[in-house]
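Working notes, beginning with the structure itself.
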Amino acid sequence: MPRITTRPCPADTRAALQQGGIDPTWARLYAARGVTHPEQVAHRLPQLLPPAGLLHIERAAALLADAIAANQRLLIIADYDADGATACAVGVRGLRMLGARADFIVPNRLEHGYGLSPDIVKLAAARQPDLLVTVDNGIAAVEGVAAANALGIPVLVTDHHLPGDALPDAACIVNPNQPGCGFASKNLAGVGVMFYVLLALRAELRARGAYAEQQEPDLRALLDLVALGTVADVVKLDANNRTLVAQGLARMRAGKASAGINALFRAAARDPARATVFDLGFMLGPRLNAAGRLDDMALGIECLLADDPIRAQQLAQQLDTLNRARRDVESGMLDEALAILARFSPTDSHSLTAWQPGWHIGVIGILASRLKDTFHRPTIVLANSEKGELKGSGRSIPGLHLRDALDLVDKRHPGLILKFGGHAMAAGLILPAGRQDEFSQAFEAVVRELLDPADLEGVIETDGELDPADHSYALAEQFDHAVWGQGFPAPLFTATFDVLAQRVVGDKHLKLKLGRDGAAFEAMRFFHPDPLPARIHAVYALMPNEFKGQQSLQLKLQHWEPAD
C-alpha cells in the first residue's frame, strides 16, 4: 500500500509570500512547491528568460536570417509525438510569419523510426531544401547530419533531449541540455526551444532593419501551440515553462487559439473558453499523439497548420477516430500484459520488462506508463519492429534515471542495446531480435544496484489537511484553472471522513457523501466501484462540478485507507 506523506512547507517562505500579497492558502501551496517570490507565479511574458541565454542561438538566428534574405527553402524535420508536432507547427507558422519559405517532413514511426536518420535525409533531399531544421530531435543524429552534410545540406538542430557521447556535426545546435549551455531552464520542451529560436530570429531581423517600415510579427500567436506541446511532453513545469503554458491557456480562453487547437477542443467535447492543463494533457494531447502512434503525424501537423476552421475540424475528427482506435489497442495490450504479470510479485523484482510478438509499436510507451503506475517499478515494454529488431519504450520512477540505467546496461553488455536515448523518466531503445530475456536480466541487475528498497514503495505526496471552511467551489475552480504538472503537482489533501452514503453510478464509479467535523461533502471515486468502509482516511482533490447549470464542489477521491 502506498505511503501517504505531506510536502514540507517552509514557514518563513510561506510568510514571505503572504507578505507579498499571496492568499494564505495559495502561499502554503506555493511554498511547498519551491516558490520563493510572488513574481515566480505571476506568469507575465516579460519574466521569460531571455533567448540570449541559449548557447548558439544568435548563430541560429543569423543562419535563418541569411536564408530568408536569400529566399532559400527551409525544411523542418519533425518528430511524431505531440511535442514534435507542435514544435513543427510553431516552426512552420513562425518562419513563414518572419518571411521564410518553410515546409516540413515528419518520419513515420513504423517505417522510419525516430529523428533525422539517413533515410529521412534521402526523403528530405528530394524536396531540394537549402537548410534542414530539426525540431524535438537531432541532438543524437550523428549519422543523419553526416548524410545531410555529404549532400551539401546544412542542418540547424533544435532539440531538448540529452546528448550522447558525441554531438552531430551540424551547422548550429540550440539545445539547453547541450554541453556548455548555461540557460537557466533545462526543462524547455522541443516546442519551447523552437519558440525561443523564433524570438531570436525576430530580434536579428529587427537589428537588420526588416521592421523599419512594417510592423513586427506578433509571435504571441504561437503560444497556444507552445502550451499544448509543453504540457503534452510532460516536461518539468518550472517557472519559465509555467509562464509559457499560462500565456497559451490565456489565449485559448480569450478566443485567440488557432483553428486547429479549437478544432481539437471541439473533437474532445471541451470548451476552449475554459481551457485547463488537464484539457491539454489528457484531451488534446492524446488525440494529437494518436496520429503518430497509429498512422502518420503529418495528419496532426496539418491540423495544427490549418487556418480554415472547416478543414481543421475535418482533420481533428480524423484524429479523434484514431484516438479511439488507439485506446482499443492499448486496452487489449494492457489486458494481455496484466494477464502475463498476474503472478508477478513486487517483492521478487525491482523492474519490469514486458514483450509480446503482436504488440503495436505505437502504443508501447503508453503501456509502459500504465504498468509503471500499476506496479511502481521501472518498466520497459518491447515490440517487434518492421526491421526485425525489438523496439522498446521505458518509464521510470523517482530515484532511477532511466537513460543512465540503460547506459550502464550498454557498457556492461556491449551489443545488447543497439541504440538508446531519453532522459530520467522516459527512454527509448532498440535491441537485436530475440534478446528480450537477456536484456530483462541485465536491466534488473542494474536497477537493483541503483534503487534502494524504499524507492520501490509507492508514495502519495499531499499538502496535508485543508480546513473544512476552505472547501469551496470558487477555490476548486481556481485550482482547475491554475498551471500544474510535472514537478509542480496539483494540490492533494488528506483527512479522515465518515462515509455517510455511497452508490455505484455508471457501472464503474462510486458516488459518495463524506462527513467531517459536522460538514458533509459530495465526492466521487472514479473507476473504482468497490464499496468503502464506514470510516476512511482519504487523499482527495477539490473538483468543480457543473450539472444542469448548477455549480457545486465535489471531492475527487484519489486514495483511501481504513481509518483507525
Side-chain angles (χ1 to χ4, degrees), residues 51 54-81 83-107 112 114-118 120-142 144-149 151-161 167-176 178 188-205 217 219 222 225-226 229 297-298 301 304-305:
L54 281 162
L55 184 66
H56 303 322
I57 198 165
E58 290 92 349
R59 186 189 306 171
L63 188 66
L64 291 169
D66 290 344
I68 291 171
N71 198 30
Q72 292 183 344
R73 291 181 296 271
L74 310 183
L75 187 64
I76 291 177
I77 310 298
D79 184 22
Y80 42 63
D81 68 358
D83 185 19
T86 53
C88 180
V90 164
V92 171
R93 282 187 174 276
L95 287 169
R96 289 175 179 173
M97 289 167 65
L98 295 167
R101 297 170 61 191
D103 208 341
F104 76 93
I105 188 171
V106 59
H112 308 118
Y114 169 77
L116 183 67
S117 64
I120 289 298
V121 170
K122 290 181 183 177
L123 287 176
R127 308 272 286 272
Q128 298 183 315
D130 298 298
L131 175 67
L132 298 180
V133 181
T134 71
V135 292
D136 193 33
N137 74 92
I139 195 63
V142 175
V145 171
N149 289 340
L151 295 174
I153 308 172
V155 180
L156 165 59
V157 169
T158 76
D159 200 354
H160 70 124
H161 294 96
L167 294 177
D169 185 22
C172 184
I173 299 175
V174 181
N175 181 336
Q178 68 176 307
L188 278 178
V191 67
V193 176
M194 188 63 222
F195 181 69
Y196 263 84
V197 169
L198 293 172
L199 292 176
L201 171 58
R202 186 178 61 179
E204 175 67 18
L205 293 173
L219 297 180
L222 304 172
L225 296 167
V226 176
M297 185 47 97
I301 296 170
L304 299 178
L305 290 176

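Numbers here are sequence positions counted from 1. Note that the structure is a prediction, hence the values are computed from the model and not measured.
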Given side chains that start at C-beta, do those of D159 and V193 come closer than 4.5 Å, heavy atoms only?
-> no

Over all atoms of both residues, closest heavy-atom pair of A124 and P129 | O-CD, 3.1 Å

Side chains of I153 and Q128: closer than 4.5 Å at any heavy-atom pair?
-> no

Which atom names give the shortest non-hydrogen contact between L98 and P217, and what distance separates them?
-> CD2-CG, 3.7 Å

For H56 and C172, indicate whether the former's side chain and the latter's backbone hold a donor-acceptor pair under 3.5 Å.
-> no

Closest heavy-atom pair and its distance - P168, V145 = CB-CG2, 3.6 Å

Does any N or O in the side chain of S117 come within less than 3.5 Å of the main-chain N or O of G144, such that one atom is a donor and the other an acceptor?
-> no

Measure the spacing between CG of L63 and CD1 of I57 and express it to the nearest 0.5 Å.
-> 12.5 Å

Do the non-hydrogen side-chain atoms of V135 and D79 ever get within less than 4.5 Å of each other?
-> no

So, do L225 and R93 sit near enough that their side-chain heavy atoms are less than 4.5 Å apart?
-> yes

Value for CE (M194) from OG1 (T134), rounded to nearest 0.5 Å, stands at 9.5 Å

Between CG on residue D66 and CD on residue E204, distance to nearest 0.5 Å | 7.5 Å

Rounded to the nearest 0.5 Å, how far apart are CG of L74 and CG of D130?
-> 7.5 Å

Under the 3.5 angstrom rule, does the side chain of D83 hit a backbone N or O of V191 as a donor-acceptor pair?
-> yes

State, with a plain yes or no, whether a side-chain heavy atom of F104 is found less than 4.5 Å away from one of L305.
-> yes

Just wondering, do L131 and L64 contact through their side chains at under 4.5 Å, heavy atoms?
-> yes

Side chain to side chain contact (heavy atoms under 4.5 Å, CB included) with L219: of V90, L198, V226, only one passes, and it is L198

Nearest heavy-atom neighbours spanning R73 and R101 = CG-NH2, 3.4 Å

From R127 CZ over to D103 CG, what is the distance, rounded to the nearest 0.5 angstrom?
-> 4.5 Å

L116 backbone acceptor or donor facing N137 side chain under 3.5 Å | yes

Where is the tightest heavy-atom contact between A147 and V121, given as atom of each residue plus distance?
-> C-CG1, 4.0 Å

Separation between OH of Y196 and OG1 of T158, rounded to the nearest 0.5 Å = 14.5 Å

Indicate yes or no for a side-chain donor-acceptor contact from D136 to the backbone of G84 under 3.5 Å, with no hydrogens or angles considered.
-> yes

How about L95 and L201: do any of their side-chain heavy atoms sit closer than 4.5 Å?
-> yes

Considering all heavy atoms of both residues, which atom of I139 and which atom of I173 are nearest to each other, and what is their separation?
-> CD1-CG2, 3.8 Å

